[in-house]
Chemist: 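Structure provided below as structure tokens; questions to follow.
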Amino acid sequence: MSHVVLLADDDAAIRMVLNQALTRAGYEVRPTGNISTMWNWVSRGEGDVLITDVAMPDGNAFEVMPKIKKLRPDLPMIVMSAQNTFMTAIRANEVGAYEYLPKPFDITEVLSVVARALADAKKPTTGQRNADEVGETMPLVGRSAAMQEIYRALARLMQTDLTVMITGESGTGKELVARALHDFGKRRNGPFVAINMAAIPRDLIEAELFGYEKGAFTGANARSSGRFEQAEGGTLFLDEIGDMPMDAQTRLLRVLQEGEYTMVGGRSAIKTNVRIVAATHRDLGQMIRQGLFREDLYYRLNVVPIRLPPLRERVDDIGDLTLHFLRVAQREGEPVKTITSDAIKLMQNYSWPGNVRELENLVRRLSALYADESISVEIVQNELNIAERPQVNSGGGPVDVSVAVEAHIGQVLGEYEPNLPPAGLYQRVIDRVEAPLIAMALNACGGNQIKAADLLGLNRNTLRKKIRVHSIEIVKHSRRNG
Ligand SMILES: Nc1ncnc2c1ncn2[C@@H]1O[C@H](COP(=O)(O)OP(=O)(O)OP(=O)(O)O)[C@@H](O)[C@H]1O
Ligand SMILES: [Mg+2]
């Protein structure tokens, strides 16, 4: 006998598409456009799995789902919504959804989730946290596919105490995610304590983490609590974990293994109950290979990895984020501003080395510095040019390669402070210069390798080898002067 899928969505086109696909996959489908019909079926004990939209003409699925969960705890509920926000993912999870699928959805994914839900339904279910007050504040903005993945991962993590490792470039929102994990998780009533390894002198990190007893070292005039103690019952956010000195790493590892720590200068072990969330913008894998980070600590921390994509990989979010930051500025007393769609498009073509933080700062400047009510493409162009490495390409004048290289190396060195970048810096820098040199010379010669070798003053075989090494694509075209 085939499984029965209850399908509630007020969009007739979606009902039709899903109905067809599910029927073809061998399910019996009951489609409806309203909640009351869906509830009638459910309360009569019909259906093996439910797929439901959130907002429907006669109500909101999030309101009936707790009732369904109570009446039929084994009925898997799959939520689909076009309101693809962090809060939707969290709410879906809280009302006991089996899975949350953002619209537009992928039919194959729906089918595989349905199959998985039915297979899992036979297993005993774990207790679900009942829905209680959740503020309507939206901590994370952006509805791109990349962020949907993050929201779903976060929603699943909310009821757990698992250790989370957040990685991502600077300004991608790592701290914001760490806070969201706490604020919407089961420890939300406990403290959230952050410690930034990069901001504390290296020899004080252990005292900061574990506290110290009076007289532990010169200047320790009184007992002082550490971050572990302050975070008891809550979340400890270990920010910039890649900057933790080796000896502190060893000590932290022991605490994580044993669940207890001793204060600096202290004798007795103190039990700890904290949820650990760590973050870094560094490549810990590489640091491990260089002997700068303990592999065993890495595995302790990297229980659930979350990678925040750089903003240039989710340009779909730029519009939402800009509007969000404009609204924030407005709340802080700046005048109401709008932004043209061309301006947003221009922003989507920018590379955002500073990610969301850079965007946030840009919007702040735009709302404070310009009198115009509407932010135009020219204004944005103007601001982005100033922000974009001023010495290198200001005003279209000749670009000085050595200045650009200096700026680049300065940035690389700064990123690894106080350590050194991985070995092989010479070749990496030369590669960075060589690849565009060869690509552009080839392009200038219409893709003709003989001419390009001449232009560059390179042997043809050498050029061929370099094209291969840098995977340069050759586009043949004719040039004005042959
Ligand atoms: N998805 C988002 N929605 C709204 N605001 C965001 C989002 N992501 C980041 N921000 C904002 O951008 C700024 C930078 O975020 P955050 O400090 O969390 O980044 P980070 O990854 O910790 O950066 P760093 O590595 O430099 O410490 C913050 O003001 C934060 O509120
Ligand atoms: Mg940070």
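What's counted below: heavy atoms across the whole structure, side chains too, no hydrogens, waters or symmetry copies. All residue numbers in this chain count up from 1 along the given sequence.
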Chemist: In Å, rounded to the nearest 0.5 Å, how long is the span from CZ of R152 to CG of L101?
Modeler: 5.5 Å
Chemist: Are a donor atom and an acceptor atom from the side chains of Y98 and R116 found within less than 3.5 Å of each other?
Modeler: yes
Chemist: Compare every heavy atom of A231 with every heavy atom of V274, then report the nearest pair and how far apart it is.
Modeler: CG1-O, 3.4 Å
Chemist: State whether the side chain of D239 and the backbone N or O of A278 hold a donor-acceptor pair below 3.5 Å, judged by distance alone.
Modeler: no
Chemist: By salt bridge (Lys or Arg N to Asp or Glu O under 4.0 Å), which residues pair with D372, not counting sequence neighbours?
Modeler: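 D372: no salt bridge (Lys or Arg N to Asp or Glu O under 4.0 Å) contacts found.
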Chemist: Regarding S144 and D317, is there a side-chain donor-to-acceptor distance under 3.5 Å anywhere?
Modeler: yes
Chemist: Quick check: are there more than 12 heavy atoms from other residues, nucleotides or ligands sitting under 6.0 Å from CZ of R44?
Modeler: yes
Chemist: Can you name the closest pair of heavy atoms from L301 and T163 and give their distance?
Modeler: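 Closest heavy-atom pair between L301 and T163: O-CG2, 3.3 Å.
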Chemist: With heavy-atom distances below 4.5 Å as the criterion, would you say the side chains of I241 and L284 are in contact?
Modeler: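 I241 vs L284: side chains touch.
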Chemist: Donor-acceptor check, side chain of D9 to backbone of R15, threshold 3.5 angstrom: yes or no?
Modeler: no
Chemist: Can you tell me if T37 and N34 form a side-chain donor-acceptor pair at under 3.5 Å?
Modeler: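 Side chains of T37 and N34: pair found under 3.5 Å.
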Chemist: Is the backbone of V42 close enough, under 3.5 Å, to the side chain of R72 for a donor and an acceptor to pair up by distance?
Modeler: yes
Chemist: Go through the side-chain N and O atoms of N196 and E240 and say whether any donor and acceptor fall under 3.5 Å apart.
Modeler: no
Chemist: For salt bridge (charged side-chain N to carboxylate O under 4.0 Å, His left out), just list the numbers for E94 and K69, CA-CA rounded to whole Å, side-chain angles, deciding distance to a tenth of an Å, and then say yes or no.
Modeler: CA-CA 11 Å; E94 282 187 336; K69 193 81 198 169; over 6 Å; no
Chemist: So do the side chains of E99 and V114 get within less than 4.5 Å of each other, counting heavy atoms only?
Modeler: no
Chemist: State plainly whether the residues R357 and E360 are in salt-bridge range, i.e. N to O under 4.0 Å.
Modeler: no
Chemist: Drop me the distance from S225's OG to Y212's OH, to the nearest 0.5 angstrom.
Modeler: 9.0 Å
Chemist: Looking at N60 and A55, would you say the former's side chain and the latter's main chain have a donor-acceptor pair under 3.5 Å?
Modeler: no
Chemist: When you check the gap from the basic side-chain N to the acidic O, do R312 and E169 get nearer than 4.0 Å?
Modeler: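 Salt bridge flag = yes for E169 with R312.
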Chemist: Quick check: closest heavy atoms across D10 and P57, and the distance to 0.1 Å?
Modeler: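 Heavy-atom minimum between the residues: CB-CD, 3.5 Å.
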Chemist: List the steps and the verdict of side-chain contact (heavy atoms from CB on, under 4.5 Å) for N93 and Q159.
Modeler: CA-CA 9 Å; N93 193 59; Q159 286 142 32; 3.0 Å; yes
Chemist: I'd like to know if the side chain of K174 reaches the main chain of G168, judged simply by a donor and an acceptor atom lying under 3.5 Å from each other, with no hydrogens or angles considered.
Modeler: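 Flag set: sc K174 to bb G168 pair under 3.5 Å.
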Chemist: Of the non-hydrogen atoms in T280 and G242, which two are nearest, and what is the gap between them?
Modeler: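 Smallest heavy-atom distance, with atoms named: OG1-N, 3.8 Å.
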Chemist: Counting only heavy atoms not in F217, do more than 12 fall under 6.0 Å of its CZ?
Modeler: yes
Chemist: Tell me, do L6 and I51 make a side-chain contact under 4.5 Å, heavy atoms counted?
Modeler: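 Contact flag for L6/I51 side chains = no.
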Chemist: Answer yes or no: are there more than 12 heavy-atom neighbours, outside R314 itself, under 6.0 Å from its atom CZ?
Modeler: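 Yes, because the 6.0 Å sphere around CZ of R314 holds more than 12 heavy atoms from other groups.
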Chemist: Would you call K103 and D53 a salt bridge, using N to O less than 4.0 angstrom?
Modeler: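 Judged by the 4.0 Å cut-off on N to carboxylate O distance, K103 and D53 do form a salt bridge.
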Chemist: Would you say that V141 contacts F86 through its side chain, given a criterion of any heavy-atom pair below 4.5 Å between the two side chains?
Modeler: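 No, too far: nothing below the 4.5 Å cut-off.
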Chemist: Would you give the length of the straight line joining atom CG of D320 to atom CZ of F325, rounded to the nearest 0.5 angstrom?
Modeler: 11.0 Å
Chemist: With a 4.0 Å cut-off on N to O distance, would you call E232 and R227 a salt bridge?
Modeler: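 Between R227 and E232 there is no salt bridge, as every charged N stays at least 4.0 Å from the carboxylate O atoms.
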Chemist: Determine, using ring centers only, whether Y151 and Y100 are less than 6.0 Å apart.
Modeler: no
Chemist: If we only count heavy atoms from C-beta on, is the P305 to V164 side-chain gap below 4.5 Å?
Modeler: no
Chemist: Set out, in order, the CA-CA distance, both residues' side-chain angles and the distance that settles side-chain contact (heavy atoms from CB on, under 4.5 Å) for F237 and I195, then state yes or no.
Modeler: CA-CA 6 Å; F237 177 43; I195 175 168; over 6 Å; no
Chemist: Could you pull out all residues at least two apart from A8 that satisfy side chain to side chain contact (heavy atoms under 4.5 Å, CB included)?
Modeler: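 Side chain to side chain contact (heavy atoms under 4.5 Å, CB included) check on A8 returns T32, M38, T52, M56.
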Chemist: Report the C-alpha separation of S36 and D58 in whole Å, then their side-chain angles, then the decisive distance to 0.1 Å, and conclude whether the side chain to side chain donor-acceptor pair (under 3.5 Å) test is met.
Modeler: CA-CA 7 Å; S36 51; D58 61 337; 3.2 Å; yes
Chemist: Assess the side chains of Y370 and E383: does a donor N or O sit below 3.5 Å from an acceptor N or O?
Modeler: yes
Chemist: Do T340 and D342 have side-chain N/O donor and acceptor atoms under 3.5 Å apart?
Modeler: no
Chemist: I need the minimum non-hydrogen distance between A180 and L140, along with the two atoms involved.
Modeler: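 Residues A180 and L140, closest heavy atoms: CB-CD1, 4.4 Å.
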Chemist: To the nearest 0.5 angstrom, please state how far the CD1 atom of I339 sits from the CG atom of L323.
Modeler: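 Result: 7.5 Å between the selected atoms.
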Chemist: Between R294 and T250, is any side-chain donor less than 3.5 angstrom from a side-chain acceptor?
Modeler: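 Present: a donor and an acceptor within the cut-off.
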Chemist: Any donor-acceptor pair under 3.5 Å linking the side-chain atoms of N273 with those of R187?
Modeler: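 Short answer, yes.
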Chemist: Would a distance-only check, ignoring hydrogens and angles, find a side-chain to backbone donor-acceptor pair under 3.5 Å from Q348 to V315?
Modeler: yes
Chemist: Does the E260 side chain pair with the main chain of T272, one donor and one acceptor, at a distance under 3.5 Å?
Modeler: no
Chemist: Among R179, Q230, R275, exactly one meets side-chain contact (heavy atoms from CB on, under 4.5 Å) together with F192. Which residue is that?
Modeler: R179
Chemist: Quick check on side-chain contact (heavy atoms from CB on, under 4.5 Å): which of N361, N382, I375 does L366 satisfy it with?
Modeler: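 Among the candidates, only I375 passes.
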Chemist: Is a donor on one side and an acceptor on the other found under 3.5 Å between the side chain of H3 and the backbone of A115?
Modeler: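 Such a contact is absent between H3 side chain and A115 backbone.
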Chemist: Could you grab the distance from atom CZ of R254 to atom CG of L297, nearest 0.5 Å is fine?
Modeler: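 Answer rounded to 0.5 Å: 12.0 Å.
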Chemist: Under the salt bridge (Lys or Arg N to Asp or Glu O under 4.0 Å) rule, collect the residues that match up with K214, sequence neighbours excluded.
Modeler: none
Chemist: Taking the side chain as everything from C-beta on, heavy atoms only, tell me whether L308 gets closer than 4.5 Å to T167.
Modeler: no
Chemist: Within this structure, what is the CZ-CG distance for the pair R289 and D283, rounded to the nearest 0.5 Å?
Modeler: 6.0 Å
Chemist: Going by heavy atoms in the side chains, are D48 and L75 under 4.5 Å from each other?
Modeler: no
Chemist: Does a donor on one side chain sit under 3.5 Å from an acceptor on the other, for Y350 and E358?
Modeler: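 Yes, side-chain donor-acceptor contact under 3.5 Å.
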Chemist: Could you report the tightest heavy-atom contact between T262 and S268, atom names first, then the distance?
Modeler: CG2-O, 3.2 Å
Chemist: Evaluate the side-chain proximity of L359 to T322: yes if any heavy-atom separation is below 4.5 Å, no if none is.
Modeler: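 Of all side-chain heavy-atom pairs linking L359 with T322, at least one is under 4.5 Å.
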Chemist: Is R91 salt-bridged to E63, cutoff N-O under 4.0 Å?
Modeler: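 E63 and R91: not salt-bridged.
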Chemist: Judged by modelled atom types alone, do Q83 and T88 share a side-chain donor-acceptor pair under 3.5 Å?
Modeler: no
Chemist: Could you go step by step and tell me if L311 and I318 meet the side-chain contact (heavy atoms from CB on, under 4.5 Å) rule?
Modeler: CA-CA 8 Å; L311 190 54; I318 287 174; 4.1 Å; yes
